[in-house]
**Q** 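Can you keep this structure in mind? I'll have questions shortly.
Numbering of residues begins at 1 and proceeds along the displayed sequence. This structure is a prediction, so every number in the text was calculated from the model and none was measured.
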Amino acid sequence: MSDAAHAEGRTGGQLLADALVANGATHVFAVPGESYLDLLDGLYAQRNRIELVTCRFEAGAVHMAEAQGKLTGRPGVAVVTRGPGACHAAIGVHVAQQDSTPLVLLVGQIPMGETDRESFQEVDYRRFFSPIAKWVTQIDEAARIPELMAHAFDVAVSGRPGPVVVALSEEMQKHLAAVPDIGPQALLPPYPAPDAIPRLMAMLEKAERPLAILGGSCWTAAGRAAIRDFLVGNDIPVAVSFRRQGLFDGTSAHYAGDLGVGADAGLVAKAREADLILAIGTRLGEPVSQGYTLFDMAGAKPIVHVHPEQAEIGRVHRAALGIVAEVNAFAHAAAAAPRIAAPRWSGWRASVRAARDAQAKAPAYEGKLNLAVALQELEKVLPADTIFTSDAGNFATWPTRFMHLTDGQEFLGPTNGAMGYGVPAAIGAAITHPDRTVICFVGDGGALMTGQEIATAFHHGVAPIIMVFNNGMYGTIRMYQERTYPGRVSGTALTNPDFARFIESFGGHGEVVERTEDLVPAFQRAKASGKPAIIEVRTNPEQVTNRATIAQLRAQAGAR
């Protein structure tokens with residue numbers, strides 16, 4: 001927009017759209033609503049600079065934006081309408097909070113003059129979102145749009161990244177204001193204190209059994225390469241925290257596995273045996289710490305905790321050394337440090353990897369489909385830059401246990417265990433990187449929570465491949481049910497559609513896989529189709545986890 005137009009003033013809706021562009025947004029994921037018609041009109045004027053992605057459900061829209069935030073390190077942007085729209089969006093905000101993902105959610109609001117009357121669709125968003133967002137504000141004056149929007153983007157990426165919610169009063173979007181746009185703040189990331197790396201290396205020199213745990217968000221490719229150089233250069237075994245498999249090459253001799261929900265008992269044992277923990281980027285939350293039982297909270301086992309947010313260091317586990325630093329800045333500083341001349345723990349590192357290799361060996365499961373073998377055959381034919389998204393559920397432990405991501409591949413999963421994340425996240429990933437292969441792993445339960453968002457993929461011309469693992473049940477809850485109330489099945493059985501025909505009804509590509517040898521050809525046909533695709537993988541319902549059958553769980557429960 002010209003300087004003359006700025007001087008004459010712009011509507012709040014125009015200012016909001018221009019603020020998104022000024023702060024680097026490339027996409028807006030939205031379900032339209034009458035509470036932000038003027039913003040929609042502003043986005044129309046900016047349609048050549050920012051793509052408006054029309055979604056079918058508010059939770060799906062926010063999951064798409066959150067996936068973009070994970071992939072880019074910049075705030076993903078979603079817009080929803082007031083009341084029910086905002087409530088539907090809340091699950092995506094919670095994902096962004098627990099996953100430390102930068103996100104800006106804009107919410108249309110009622111007219112200011114109707115506040116506190118329980119007006120149509122009225123919600124106090126400061127109270128509603130404050131427990132799960134970094135900051136919640138409301139814009140009631142058009143002149144403050146550039147200021148508050150710039151601050152929203154700054155807060156979303158500062159310290160521990162996370163979600164910011166901005167409510168937009170309805171009539172404010174029509175008001176005129178002659179104010180300049182404000183772009184991102186030029187800011188250098190927090191760098192480790194001068195003595196941080198020397199103290200870390202001194203602790204490492206004294207260790208016999210070090211173990212690194214990588215986690216957190218907003219890692220860059222250069223940052224991942226630098227932390228790999230530091231860890232591999234010092235021969236340190238590396239675990240990743242829950243659903244952070246994309247942070248380290250799973251084929252490396254230094255990869256130890258996933259330390260999260262359903263972690264291998266061998267890795268958990270090795271973590272207990274370690275005499276120094278390097279927790280880099282991870283919060284050391286409940287999944288990583290195995291329900292806060294893995295590490296002594298008083299600090300008996302020395303922990304070096306690296307995190308961009310000082311308040312997270314020592315929040316539960318007292319650290320022997322806390323380093324406040326942005327993860328990539330720390331990685332580059334650590335990689336530049338002189339390496340340990342002759343690490344004493346090569347045998348230890350090999351034993352940790354051996355435990356991972358033992359876990360990843362495919363058992364001889366009963367039936368026509370050995371999912372472990374099928375997934376390992378699949379990984380051999382995948383592009384080197386594949387993006388994986390995962391929903392929540394027992395099915396997700398199969399690729400985690402048996403597959404190995406390589407450098408250049410990425411993995412997006414909800415660390416808060418949100419079902420319904422996988423499909424919209426895959427669509428958000430495909431919109432962000434339309435030139436890359438995107439594969440979603442989702443159970444039959446999650447597939448029908450947000451599976452309608454596949455319509456968004458068709459509408460915007462992207463082609464993710466959705467693998468629906470269908471066992472006809474809410475598998476995780478059934479597992480717990482059989483452990484606690486064996487044989488008393490209540491509320492966990494499901495009735496499902498033919499998922500292949502479901503996507504064919506949109507004009508997409510559908511496949512059904514029931515045998516081990518059929519998964520790779522099905523994937524290759526799906527990819528070659530160039531269309532959004534669903535591969536329905538019909539799994540054995542008796543094999544409720546990758547480590548136990550229903551009969552085994554019942555027997556174990558009966559023996560207690």
Side-chain angles (χ1 to χ4, degrees), residues 22-26 65-77 96-104 133-135 147 149-164 182-201 212-231 233-234 238 240-241 244 246-248 278-285 303-315 319 321-337 407 410 412 415 432:
N23 283 278
T26 58
E66 193 273 348
Q68 184 167 83
K70 273 195 174 91
L71 287 168
T72 65
R74 303 187 305 271
V77 179
Q97 179 208 32
Q98 293 225 324
D99 287 37
S100 302
T101 305
L103 176 80
V104 173
K134 289 188 70 176
W135 182 49
E147 167 208 346
M149 288 295 291
H151 188 57
F153 275 77
D154 289 346
V155 171
V157 297
S158 66
R160 176 188 169 191
V164 170
I182 299 176
Q185 174 68 52
L187 195 66
L188 295 175
Y191 201 77
D195 63 340
I197 302 301
R199 290 178 64 181
L200 163 62
M201 298 308 291
I213 306 171
L214 285 184
S217 65
C218 295
W219 285 88
T220 64
R224 291 196 299 267
I227 202 65
R228 177 197 63 212
D229 290 346
F230 166 67
L231 296 169
N234 288 290
V238 184
V240 294
S241 61
R244 301 293 189 184
L247 295 182
F248 197 80
L278 306 182
I280 304 171
T282 178
R283 293 192 298 114
L284 290 179
I303 297 173
V304 177
H305 195 179
V306 181
H307 201 276
E309 186 71 55
Q310 181 172 338
E312 289 297 329
I313 299 174
R315 183 175 183 178
L321 175 62
I323 301 175
V324 181
E326 192 268 339
V327 289
N328 299 288
F330 170 81
H332 289 293
D407 280 337
E410 306 206 48
L412 315 180
T415 67
T432 303

**Q** At what distance, to the nearest 0.5 angstrom, does OH of Y191 lie from NE2 of H332?
**A** 8.5 Å

**Q** Identify the two heavy atoms, one from G216 and one from L247, that lie closest to each other, and give their separation to 0.1 Å.
**A** O-CD1, 4.2 Å

**Q** Between CD1 of I227 and CD1 of I280, what distance do you get to the nearest 0.5 Å?
**A** 4.0 Å

**Q** Which atom names give the shortest non-hydrogen contact between L71 and E410, and what distance separates them?
**A** CD2-OE1, 3.7 Å

**Q** If we only count heavy atoms from C-beta on, is the R244 to D99 side-chain gap below 4.5 Å?
**A** yes

**Q** Working to the nearest 0.5 Å, report the span between CG of L321 and CG of L278.
**A** 9.5 Å

**Q** What's the separation between atom NZ in K70 and atom OG1 in T101, rounded to the nearest 0.5 Å?
**A** 4.0 Å

**Q** Quick one, P102 and C218 - any side-chain contact, counting heavy atoms below 4.5 Å?
**A** yes

**Q** Would you check if the side chain of H307 reaches a backbone N or O of G159 as a donor-acceptor pair within less than 3.5 Å?
**A** no

**Q** Which residue pairs satisfy the salt bridge (Lys or Arg N to Asp or Glu O under 4.0 Å) criterion with at least one member in residues 220-230, sequence neighbours excluded?
**A** R228-D407

**Q** Write down the atom of A156, the atom of V164, and the distance for their closest heavy-atom approach.
**A** N-CG2, 3.8 Å

**Q** Distance check, rounded to the nearest 0.5 Å: T432 atom OG1 versus Q68 atom CD?
**A** 3.5 Å

**Q** Quick one: closest heavy-atom pair of K134 and P161, and the distance?
**A** CD-C, 4.0 Å

**Q** Do the side chains of V327 and V306 get nearer than 4.5 Å, heavy atoms only?
**A** no

**Q** E309 versus S100: any side-chain heavy-atom pair under 4.5 Å?
**A** no

**Q** Taking CD in Q310 as the centre, count heavy atoms belonging to other residues, nucleotides or ligands within less than 6.0 Å. Is the count above 12?
**A** no

**Q** So which heavy atom on P308 is nearest to which on V324, and how close?
**A** O-CG1, 3.8 Å

**Q** Are any non-hydrogen side-chain atoms of I303 and L284 less than 4.5 angstrom apart?
**A** yes

**Q** Taking all non-hydrogen atoms of both residues into account, name the closest pair between A325 and F330 and its distance.
**A** CB-CB, 4.1 Å

**Q** Using 0.5 Å steps for rounding, measure from the NE2 atom of H151 to the CG atom of N23.
**A** 12.0 Å

**Q** Within a strict 4.5 Å, meaning less than it, do heavy atoms of the L200 and F230 side chains meet?
**A** yes

**Q** Write out all pairs satisfying salt bridge (Lys or Arg N to Asp or Glu O under 4.0 Å) with one or both partners inside residues 184-201, taking only residues at least two apart or from two chains.
**A** D195-R199

